[in-house]
Each structure stands twice: as structure tokens, then as C-alpha cells.
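We name chains A, B, ... by the order of the sequence lines, and we start the count at 1 in each one.
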Amino acid sequence: MAAKPSGLPVEAPESRNRHGESRPSHTGPAIVARVVSEPSEFSAICSAAESGSMEEALRLFESVRNPGSFLWNAMIRGYAGCGRYEDAIGFYWKMQVLGVRADRFTYTFVIKSCSASLLTEEGLKCHGALVKVGLHSDVFISNSLIVMYSEFGEIDSAERVFNEMPLRDLVSWNSMVRTYVSSGKRGKALSCLRSMRNTSSLEPDRIGIITALKACSTETYPKQGKEIHCYALRHGYGSDSRVCTSLIDMYCKSGNMISAERLFQCRFSRSVVTWNALIYGYTSNNHPSESLGCIIRMQYDDVKPDAVTMVSLLPSCSQLSNLSQGKSIHGAALRRGFLPHLVLETSLVDMYAKCGDLTSAERVFSQMTERNLVSWNTMINAHIHNDQNLEAVELFLDLQEKSLQPDIYTISSIANPCLCCKIWYSSNTFILNSIIYLYAKCGDLRTSRRIFEGMLCRDTVSWNAMIMACAIHGEGSSATELFSRMQRDGPQPNGSTFVSILSACSISGLADEGWMYFNLMQQKYGLSPQIEHYGCMVDLIGRTGDLDFALSFVERIPLVPTARIWGSLLAASRKSKRIDVAEAAAEKIFPLKHDNTGCYIILHNLYTDLGRWDDAEKVRSSMQNHGLLRTTARSVVELDNKAYCFINGDKSHAEASLTHEVSDLLSKKIGEAGEVPSAAFNVQEALAQKKNSPCQHSVRLAVCFGLISSSPGTPVLVKKNVRICDDCHLAIKQISEVCRRHITVGDSRIYHHFKEGSCSCGDYW
DNA sequence: GTAGGGTTAG
């Protein structure tokens, strides 16, 4: 228990009332003091808090001498209940300071406040406190934690809580399924549901059904959706309004409007939400007339539309270019008092813009009392839709001044190549420069080049960006050609230009050229090399394999070497298997403030390569002791504007078994050594080994999925968050040959272009 | 007195 600040009442040896409240013992003068929480006072505080009259509740609460956990909880719950989450958390802290013991109820209210207000740090602190007091395995608390981590987007943490629960109930499973759905892992959600039915005696209840339906509300799982429908009927939920609404929504989102409409006609009580689900279904499946037809149908059903109805109807007006219908919905929304309403106003902006009435769109936008990123993006798009590209860019620049961070939607509309074509005749060099690099970073060097070549006015940054773009794609010679062009008819190179060109030389292994530029920058341009330039040189020398020279070069750098410098040396020593240099470099890196995960991994792998298992194990445990987790490797392949993300051994995708089969098949075809002879002691270990076998690596799965999901001969682009391993690099080279495909893999540093059995990086990365 | 649930915008 925390020490009590002085001056606060100290509890006397206690007796407990029926609420578990402590009372001072009634001896001596204490008898005249207020007795703690009389039942009437008690219920007054509770009902004030419950109804959200927090000022009243607080006034009553403060008059109580020794409020116990129950009353504190009532206050916290009250604040959380009316959305005053920070006050709720503040109350919890106050409770801690005063030494009042927080119990399981306190924590559920506090966790809910943290998740609702996305106060991640508070949430983590709270979880820490729970572990300390040993309440973390309480089923209610664990369930709240799962939801909290889900809200934070920390799926791994939610999973960890779930896996560590000694006992799970329906709520736990539903929460986990929901977590997977909201993070886009529908396959995992469904397999979670299956394992609930296989490993426990639990059966989904109505909430479970609704949650499960969310998992198959997409075109990918029509069969599972129908199965849940049958299950719901068998278990007597056929006339449950909410279950039916979810079913209708599921059919709509699976694109099956016939089943949705058939179910809609069944006997159950249709609420406005049911109508909205159907209306939105028609809208999103491109049946605008049916959608708008519901306005009349609803009247016969005696259901009044609400703001969501309007939001669901408006896209149909745009689809039909029916401005007057849109205007009449706007009028109805005003008459019914639905405005202001963030989502509805955003939909109105979109509708007006798509119906060609940009003036009305701008009027609605300018009158909005609240705007978020979606509304800004809608307005930016509104201009683009109406061929006002410069206005869109201006709005984009306005957005930069707000505290809102542009997201992929913002960038994709503003970086539209068509927009680029139009604006590069004006003087938006600033924007085009970032777009050049953006495209290259996304793997599309061709578009970067097109934009660069189309620019009328190129400044130093444009050249630097284009040279760096070539560098990360391993096009060293294009980079040096650009540099010559720049010297001939471009602006004067600066320090950053040399970072770009030196990177290009080191990535493409142009050692002599690299040294030439390193001298040139000093002798011709009078630039003294900065730490970044030295970093490029260490990479360049490291690549030649002369580690002794690299080490002496680092030691002679006239500036303080950073973790990046030592990191380059460490990476280079792995390639040459120079453990002495690696150890020396690691020794320098670890004391520096730096994310050392990668360094541990390199050192660990180097020891493994050399068969020094004990040392490898020491590195692994030291990494663990520093609380560092190996970054989960993820690879993403984009198909038809949709990103498919894989982790090692990933089986959560729709085409998982086919992908794995193709990966195994290709592995055999290229003559890859089979699985490591199994030294596994049990099934789990054997499975873990299989998962770690290179042909199950995330990048391999993403490449195979890309190959089977696209037409023969077309290129495949995969991006991954960590560097590609030797095995996969070799394998993908060969796969590019046997499949006759150009395969591009962008890792955390550079792009590898695999073509006809070789890679643009020259096998050094 | 605690945890999970139906529709909506770019």
C-alpha cells in the first residue's frame, strides 16, 4: 500500500459495513465525526454518478470522510460512463496516492477509459500495476485488456493476454475474434472461432454470432457466412432484430443482395439500423435506384430515417449524378436537425463534388464545426474531381499546417500521376521532389524518372532525390550518369548530393567511382565530409571485403563515429565472416543509444554461421535481458490495389494452402536443400522448425502468392520490413529464372530486382 | 457495481 501523505485521516482499526467499506471504530471523539457513507448517501452518490451528474456526485463524494474502494469505483465508472476518461484515470491515480486499494472493478473501469481515449501509456502502466498486484489473470480484467490492446492496434499484445489466460469465457473468445476482424485478419478470426468450438465446450451466443458475422462480412467467406446463418436459425435467433441486421449486413458486404433482401422480408422487427444496413448495401453494391427506393419503402414500414440513413443514401445520388435528389436529402437533414454531423457533412461534400457542384461542396466544408482527416481528404478529392488540381495542392499545404498528419488517402490523391502531369507545368518543384522519392520508395522507379524528366524547373533537391531513387534500386550507373548531367547542366551539387551518389556507389559496388566522388566533393566543391558521407564510405569499403582497411578507416574518421558507422562495419563483417571485427563493432554500438535489435541479430547469425552455438545463445539471451524482441518479419504484396501481408509460416490467407504448396514446389524445383534434418524433441518444436524453414519465410510466401495471383509474365513487387536472408535471396534469383518473371523485393534498405537468375544488388546487401 | 454485440463518410 502506498504511503499516506501526511495530514490525511488515518484509518482506525477497522470494522466493515455491508459494502466492504471501512469504518472508523466508534470510540472516543470519533463518534462525533461523520460516519462513513450512510446507505442513503451511498445510493445518492451512485445514482448521481450513474446518471452522469458528476459535479453533484463529486460534491457528495467529497463530503464522505473515508470513501472506500466501492465509492471510488462508482466515481471512476461515472466519469468513464459520460466520456470523461481522463478524469476517470485521474481519479484512479488519486486513489493510488491516497492508498485506497484498487480492486478488480476499479481496473475494468480504468482499462475501459484508457482504451476509449487511446491513452496507450496509461493503459500500459495500468497493465503493469495489475501484474504487480496479481490481478492480471482475472477473467474480466483480461477481457478488458484484450479489448484495450485491440483498440490500440497492438494485436500481438492482445494475443499474448488471451494466450496467457488460465480460463477463458465467451467474452474472451468474442473479444479475440473481434480483435482479429478489426485488424483485417478475417481468416484468423474464423480460425479462432473454430478453435473455440474445438477446444472448449463454449457455443456462440447472440453476441458471438454477431461478432462471427463481422468476420465474414466480405466477399471472401460466403460459405462461412451461410453456416453462421444456419447456426443462428438452429439456435433460435431467427427473429432477433440485431442478429438479423448483422446477417443482412453480412450478405450485403458479401455482395449477395438477393439473400440480403430475402432475409429482410422475413418476420422480425426491422429497426432504422436494419434499413440503413440494406440501404448502404444497395449503395455500395452499385444499385443506387434500389437504395433511393428504400426512402418510400421505409415510410410504409413506419420507420423514420436518421443521419446514418442519409449518409448511406448520398453516394447513390453521386452514382446517378442526381444533384437534386442529393439536395433534397441535404434539406431533409437540415429540417430534421441532423446537422452539424461530421460524417454526414463529409458525405455531403463528397456528393456535391461528385455531382459537379463544387461551390456547394466548398460551402458545406467551410461551415463545418468539426473536421477530421477524412473530411480534409474528401475536400482535396473534391477539387481533383473537378479539375482544380492547384486548389487541391493548396488545400494539401493548408492541411500541413494543421495538427493532422496526411495518410495514404491524402498522399494517393495528391500524388496522382495525372495530377503530377498537370502541375509540373507550374512551379511546384517542392512537391514534385517529394513525389519523386515517394514513388521510388514505393518501388516504382519508372514513375519517379518520368516525373523528374517532365519537370520544367529542377532544383538541387530534385537531382538529389532522383540520384537517391536510382541508388536504392541498385542502378549505380544511372546515378553516376545523372551526376554527370547535373554537373553539366544542373545546379551545384551540395552535401546531400554526395550522400546520394556515394550511397549509389556503395549499393552498386562501384568502389573506384565512390572514392573518386569522395575526393571530388572535397577538392572540387570544398565540402568537408560529414558523418553520413563517412558512413557511405564504410559501406563501400566493407563491400570490397577488406575489413582491416574498413576498421582502420573508421578509426581515422575525424568525427565521433555513430551507431550507424559501427553498424555498417558490423554488417560488413557478417558477409566476410570476420567475427573479430563484428565483436569490436558490437562492443562500440551497444553502449550507444540506439535501437540495437538489428545488431544483436547480425551478431547472433554470425555466431550461428560459424557454428558457435553457445555464443549465439548468449547473444540471444542478452537481447532478451535488454527487453528487445526480434522484429517480426513481414512481407507485403499488392494486388489490385489491395495489400496482402505475410509473416513467416503464415496460414491465415484465403489461398494459404495453395501458396504453401507452390512455395514447396518451387523450393524443390530450384533444388533447394530440403528441410533441416529434424533434431526436434516434440511436435511443437518440429512445427516451429518447419515454420522457420526458408521456404516458409514471409517473403517467399508473398512472392508465391504474387506469382499465382497475377498473369504470367507480369512483374511481382514485394516489400518487407527487414533485410532479406541469404537463402531467400538465392532462391528468388532462381525463381525469377524458372518462372521467367521480374520479381522485385524492397527490404528495409534497398530494392532487389531479380531477373533471369540474378539480382541488381550483385549479391551484396 | 466489472468484460464482448447490429448501420455511416475519403
Side-chain angles (χ1 to χ4, degrees), chain A residues 19-20 42-43 45-46 49-50 69-78 80-81 103-112 115 135 138-148 150 168-179 204-214 217 240-250 252-253 270-281 283-284 305-315 338 341-351 353-354 371-382 384-385 407-410 412-413:
Chain A
H19 298 290
F42 211 92
S43 52
I45 295 176
C46 292
E50 211 167 312
S69 313
F70 189 98
L71 279 185
W72 281 91
N73 292 348
M75 292 299 292
I76 296 174
R77 183 184 179 216
D103 58 17
R104 52 213 293 255
F105 298 100
T106 322
Y107 284 106
T108 50
F109 303 139
V110 176
I111 295 167
K112 201 169 193 176
S115 52
L135 274 172
D138 177 90
V139 70
F140 277 86
I141 288 178
S142 302
N143 292 346
S144 312
L145 285 171
I146 294 172
V147 175
M148 179 185 86
S150 169
R168 304 186 187 105
D169 64 6
L170 256 182
V171 179
S172 329
W173 287 95
N174 288 344
S175 307
M176 205 57 229
V177 172
R178 186 60 206 233
T179 300
D205 58 358
R206 65 198 292 267
I207 298 181
I209 293 170
I210 290 168
T211 312
L213 284 169
K214 273 241 178 296
S217 294
D240 183 302
S241 173
R242 291 189 179 203
V243 170
C244 288
T245 302
S246 295
L247 280 164
I248 289 166
D249 183 53
M250 179 274 294
C252 290
K253 290 192 174 133
R270 290 183 286 262
S271 70
V272 64
V273 181
T274 322
W275 276 101
N276 293 345
L278 185 78
I279 292 173
Y280 188 71
T283 298
S284 53
D306 64 5
V308 180
T309 318
M310 311 274 170
V311 172
S312 308
L313 287 166
L314 284 168
F338 296 155
H341 183 292
L342 179 62
V343 178
L344 181 48
E345 285 162 312
T346 306
S347 306
L348 284 165
V349 170
D350 192 55
M351 179 277 295
K354 289 185 178 149
R371 293 185 197 123
N372 62 10
L373 190 56
V374 181
S375 25
W376 277 90
N377 288 344
T378 309
M379 197 62 228
I380 290 173
N381 261 324
I384 293 172
H385 193 92
D407 66 359
I408 47 162
Y409 294 95
T410 325
S412 68
S413 40

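For B/dA3, one of the phosphate oxygens OP1 or OP2 lies less than 4.0 angstrom from a side-chain nitrogen or oxygen of A/Lys112. Taking 4.0 angstrom as the limit, A/Arg178 places a side-chain polar atom (N or O) nearer than this to OP1 or OP2 of B/dG6. Contact check, A/Lys253 against B/dT8: a side-chain N or O comes under 4.0 Å of OP1 or OP2. In this model, the phosphate group of B/dA9 is approached by a side-chain N or O of A/Tyr280 to a distance below 4.0 Å at OP1 or OP2.
Counting to the nearest Å, the P atom of B/dG6 and the CZ atom of A/Arg242 are 8 Å from each other. For A/Asp249 and B/dT7, the CG to P distance is 5 Å, given to the nearest whole Å. What separates CG of A/Asp240 from P of B/dT7 is a distance of 14 Å, to the nearest Å. Between A/Leu278 atom CG and B/dT7 atom P the separation is 14 Å, expressed in whole Å. The distance from atom CG of A/Asp169 to atom P of B/dA3 is 12 Å, rounded to the nearest whole Å. The distance from atom CG of A/Asp306 to atom P of B/dG6 is 15 Å, rounded to the nearest whole Å. Taking atom CZ of residue A/Phe338 and atom P of nucleotide B/dA9, one finds them 17 Å apart after rounding to whole Å. For the pair A/Met310 CE and B/dA9 C1', the computed distance is 15 Å after rounding to whole Å.
Side-chain rings of A/Phe70 and A/Phe105 stay apart, their centers remaining 6.0 Å or farther from each other.
The side chain of A/Val308 lies closest to B/dT8 when the candidates are B/dT8, B/dG4, B/dG6. Among the nucleotides B/dT8, B/dG6, B/dG1, the one closest to the side chain of A/Phe70 is B/dG1. Comparing B/dG1, B/dG4, B/dT2 by their nearest atom to the side chain of A/Arg104 picks out B/dT2. For A/Val171, the listed nucleotide lying nearest its side chain is B/dG4; candidates were B/dG4, B/dG1, B/dT8. Checking B/dG1, B/dT8, B/dG6 against every side-chain atom of A/Ser246, the shortest atom distance belongs to B/dG6. Listed nucleotides B/dT7, B/dG4, B/dT2 differ in distance to A/Val273; the shortest reach to its side chain belongs to B/dT7. Set against B/dG4, B/dT7, B/dA9, the side chain of A/Asp205 has B/dG4 as its closest nucleotide.
Evaluation of A/Phe140 against the base of B/dT2 yields a stacking contact (centre distance < 5.5 Å, interplanar angle < 30°).
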(Q) Applying side chain to side chain contact (heavy atoms under 4.5 Å, CB included) to A/Ser142 and A/Val139, what does each step give before you reach the verdict? (A) CA-CA 5 Å; A/Ser142 302; A/Val139 70; 5.8 Å; no

Run the side chain to side chain contact (heavy atoms under 4.5 Å, CB included) test on A/Val343 and A/His341 for me, step by step, so that the C-alpha distance in whole Å, both residues' side-chain angles and the decisive distance to 0.1 Å come before the verdict. CA-CA 6 Å; A/Val343 178; A/His341 183 292; 3.7 Å; yes

*CA sep, side-chain torsions, deciding dist, call: A/Asn143, A/Asn174, side-chain hydrogen bond (donor to acceptor under 3.5 Å, both in side chains)*: CA-CA 9 Å; A/Asn143 292 346; A/Asn174 288 344; over 6 Å; no

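The two residues A/Val243 and A/Asp240 make their nearest non-hydrogen contact at N-OD1, 3.1 Å.
Residue A/Ser271 is in base contact, counting any heavy-atom pair closer than 4.0 Å across all strands shown. Heavy atoms of A/Phe109 sit under 4.0 angstrom from primed sugar atoms or phosphate atoms, though from no base atom. As judged by a 4.0 angstrom heavy-atom cut-off over every strand, A/Ser142 is placed among residues making no nucleic acid contact. Residue contacts for A/Ser347: at a heavy-atom cut-off of 4.0 Å it reaches the sugar-phosphate backbone alone, with no base atom in range. Within 4.0 Å of A/Thr378, counting heavy atoms only, lie sugar-phosphate atoms of the nucleic acid but no base atom. Among the heavy atoms of the strands lying under 4.0 Å from A/Val374 is at least one base atom, whether or not backbone atoms are also near. At the heavy-atom level, A/Ser375 lies nowhere under 4.0 Å from the strands shown.
Remark: A/Trp275 engages A/Asp301 in a side-chain hydrogen bond (donor to acceptor under 3.5 Å, both in side chains) (not counting sequence neighbours).
Under 3.5 Å, the side chain of A/Thr245 and the base of B/dG6 form at least one donor-acceptor pair of N or O atoms. Below the 3.5 angstrom threshold, one finds a donor paired with an acceptor across the side chain of A/Thr346 and the base of B/dA9. Counting distance only, with no hydrogens placed and no angle test, the side-chain atoms of A/Ser172 and the base atoms of B/dG4 include no donor-acceptor pair under 3.5 Å. Evaluation of atom-type donor-acceptor distances gives a pair under 3.5 Å for the side chain of A/Asn372 against the base of B/dA9.
Looking only at atom types and distance, the side chain of A/Thr106 has a donor-acceptor partner in the side chain of A/Asn73 under 3.5 Å away.
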